[in-house]
Amino acid sequence: MSPEKNTYKLGVALSGGGAKGFAHLGVLQALNERGLYPEVISGTSAGAFAGVLYADGHTPKEISTFFQKKVFREFAEFTIPHGGFFKSDRLRSFLKKHLRAKTFEDLQIPLHTIATDIEHGESKVFSSGPLIPAVIASCSVPIVFRPVEINEHYYVDGGLFKNFPVSTIRRECTKIIGVNVSPITKAEFRSSIKYIAERSFHYMSGSNTLLDRNLCDYLIESTSLSKYSMFDLEHVEEIYQAGYDLTMTFFDEKKDALIKDFPNIIF
């Protein structure tokens, strides 16, 4: 598709990855410092979570402060298993507290979030209508969180089918920068349910990113974030900084190409 037919000059796709998604904020901060601002965002799970707060007009640094000294239990309320071990009421309250927008249409930047219809086995893209249910659905890791009901359909984490939603906005964008914080990595075996659950979801979601990785004009990706667990909210600043540093290295490596594609970029 020729550039003149694209709706947006720059789109950013943000992968899922649990707490590793805080690296998305560091990436966005680095992009902004170089004068690169996405005109549309596509996000799955952690990418949807970071994306919605950014699209709502909060700066990456501001968003990171929302999570200082937080732990997983502050966002999840344990319940007797009924579709999931945790209810998402506290996550919903967090988003209500920090989001100004009520619908996708209210956001300052267009956003696409991806969830999985658990009953029909289909990937669903949300880009209009009520905001919070769609974001929570995209973040609802199966078994851990209960499915979210939207219009008589039950949705869980979008990472089951599309953990790296580049294809979602590919036709709309002249250029796409993709940020994959959860490439497939190895991790020493530990005999725990937490380890088995995390690794299983990691492999399952990672295996569906191959096509989307190839659709990026620029790919920001690193295995260095693998040391952080899915629910690690005790190292938010470290993960944020890792994303920032990764992007600065990316700028150094891709400087010539970036200047050609983005003449107004700041170096």
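- At distances below 3.5 Å, not a single donor-acceptor pair connects side-chain atoms of His58 with backbone N or O atoms of Leu99.
- The shortest side-chain heavy-atom distance between Cys173 and Val40 falls under the 4.5 Å cut-off.
- Counting only distance, with no hydrogens or angles, the side chain of Thr44 and the backbone of Gly47 share no donor-acceptor pair below 3.5 Å.
- When each of Lys61, Glu33, Gln29 is paired with Tyr244, the side-chain hydrogen bond (donor to acceptor under 3.5 Å, both in side chains) condition holds for Glu33 and for no other.
- Formation of a donor-acceptor pair under 3.5 Å by the Ser45 side chain with backbone atoms of Gly16 is not found in this model.
- Contact of the Leu10 side chain with the Thr174 side chain is not registered, since no non-hydrogen atoms from C-beta on lie closer than 4.5 Å.
- A continuous path of Ile, Leu, Val, Met, Phe, Trp and Tyr side chains, each step under 4.5 Å between heavy atoms, connects Val181 with Leu28, placing both in one hydrophobic cluster.
- Looking at every heavy atom in both residues, Ala13 comes nearest to Pro165 through CB-O, 3.8 Å.
- The ring-ring contact (aromatic ring centres under 6.0 Å, His included) pairs that include a residue from residues 95-144 are Phe66-His98, Phe94-His98, His120-His153, Phe126-Tyr155, where partners are two or more places apart or lie in different chains.
- At least one donor-acceptor pair closer than 3.5 Å links the side chain of Asp217 to the backbone N or O of Ile176.
- Between Ala137 and Ile150 the shortest heavy-atom distance is CB-CD1, 4.2 Å.
- The CG atom of Asp256 lies 11.0 Å from the CG atom of Asp261; values are rounded to the nearest 0.5 Å.
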Give the C-alpha distance, both sets of side-chain angles, the deciding distance and a yes or no for side chain to side chain contact (heavy atoms under 4.5 Å, CB included) between Ser42 and Val12.
CA-CA 6 Å; Ser42 178; Val12 170; over 6 Å; no
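- Salt-bridge formation is not detected for the pair Arg100/Asp106: no Lys NZ or Arg NE/NH1/NH2 atom is positioned less than 4.0 Å from an Asp or Glu carboxylate oxygen.
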Audit row: Ile63, Phe22, side chain to side chain contact (heavy atoms under 4.5 Å, CB included) steps and yes/no:
CA-CA 9 Å; Ile63 297 168; Phe22 290 111; over 6 Å; no
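- Across Ser182 and Asn163, no two heavy atoms sit closer than the pair CB-ND2, 4.5 Å.
- Side chain of Tyr218 to backbone of Ala257: a donor-acceptor contact under 3.5 angstrom is found.
- From Met248, atom CE reaches atom CD of Gln241 across 9.5 Å, with rounding to the nearest 0.5 Å.
- A donor-acceptor pair shorter than 3.5 Å can be found between the side chains of Asn32 and Tyr54.
- Thr116 places no side-chain N or O within 3.5 Å of a backbone atom of Ile118 that could act as its donor or acceptor partner.
- Taking a cutoff of 4.0 Å between a charged side-chain nitrogen and a carboxylate oxygen, Lys102 and Asp56 do not qualify as a salt bridge.
- Here the closest non-hydrogen pair linking Val27 and Gly243 is CG2-O, 3.6 Å.
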Would you check, one step at a time, whether the test side chain to side chain contact (heavy atoms under 4.5 Å, CB included) holds for Leu31 with Phe251?
CA-CA 9 Å; Leu31 291 177; Phe251 283 133; 3.8 Å; yes
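- The backbone N or O of Asn180 lies less than 3.5 Å from no partner atom in the side chain of Glu221, so there is not a single donor-acceptor pair.
- Linking Ile, Leu, Val, Met, Phe, Trp and Tyr residues whenever their side-chain heavy atoms come within less than 4.5 Å places Phe267 and Ile220 in a single cluster.
- In this structure, Arg213 fails the cation-pi test against Phe164, since its NZ or CZ atom is not both closer than 6.0 Å to the six-membered ring centre and inside 45 degrees of the ring normal.
- At a threshold of 4.5 Å between side-chain heavy atoms, the hydrophobic network of Ile, Leu, Val, Met, Phe, Trp and Tyr places Ile109 and Leu14 in one connected group.
- How far CG of Leu215 is from CG of Leu210: 11.0 Å, rounded to the nearest 0.5 Å.
- The heavy-atom pair separating Pro133 from Val148 by the smallest distance is O-CG1, 3.8 Å.
- Within 6.0 Å of CG in Asp252 there are more than 12 heavy atoms belonging to other residues, nucleotides or ligands.
- For the side-chain hydrogen bond (donor to acceptor under 3.5 Å, both in side chains) criterion with Lys162, the lone passing option out of Ser123, Ser167, Ser15 is Ser167.
- There is a path of hydrophobic side-chain contacts, each under 4.5 Å, that joins Ile41 to Leu25.
- A distance of 9.0 Å separates CG of Leu219 from CG of Asn214, quoted to the nearest 0.5 Å.
- Side-chain atoms of Ser140 do not come within 3.5 Å of backbone N or O of Asp157 as any donor-acceptor pair.
- No continuous path of hydrophobic side-chain contacts links Val125 to Leu107 [ILVMFWY only; heavy atoms under 4.5 Å].
- Rounding to the nearest 0.5 Å gives a distance of 11.5 Å between OG of Ser128 and CG of Leu111.
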Test side chain to side chain contact (heavy atoms under 4.5 Å, CB included) on Glu39 and Lys9; report intermediate values, then the result.
CA-CA 7 Å; Glu39 296 176 10; Lys9 292 181 180 179; 3.7 Å; yes
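- Atom CZ of Phe262 has more than 12 heavy atoms from other residues, nucleotides or ligands within 6.0 Å.
- Contact detail for Ser138 and Gly43: the closest heavy-atom pair is OG-O, 4.2 Å.
- A donor-acceptor contact shorter than 3.5 Å is absent between the side chain of Arg92 and the backbone of Ile136.
- To the nearest 0.5 Å, atoms CD1 (Ile265) and CG (Leu258) are separated by 4.5 Å.
- Asp117 and Lys124 are not joined by a salt bridge, as no carboxylate oxygen comes within less than 4.0 angstrom of a charged side-chain nitrogen.
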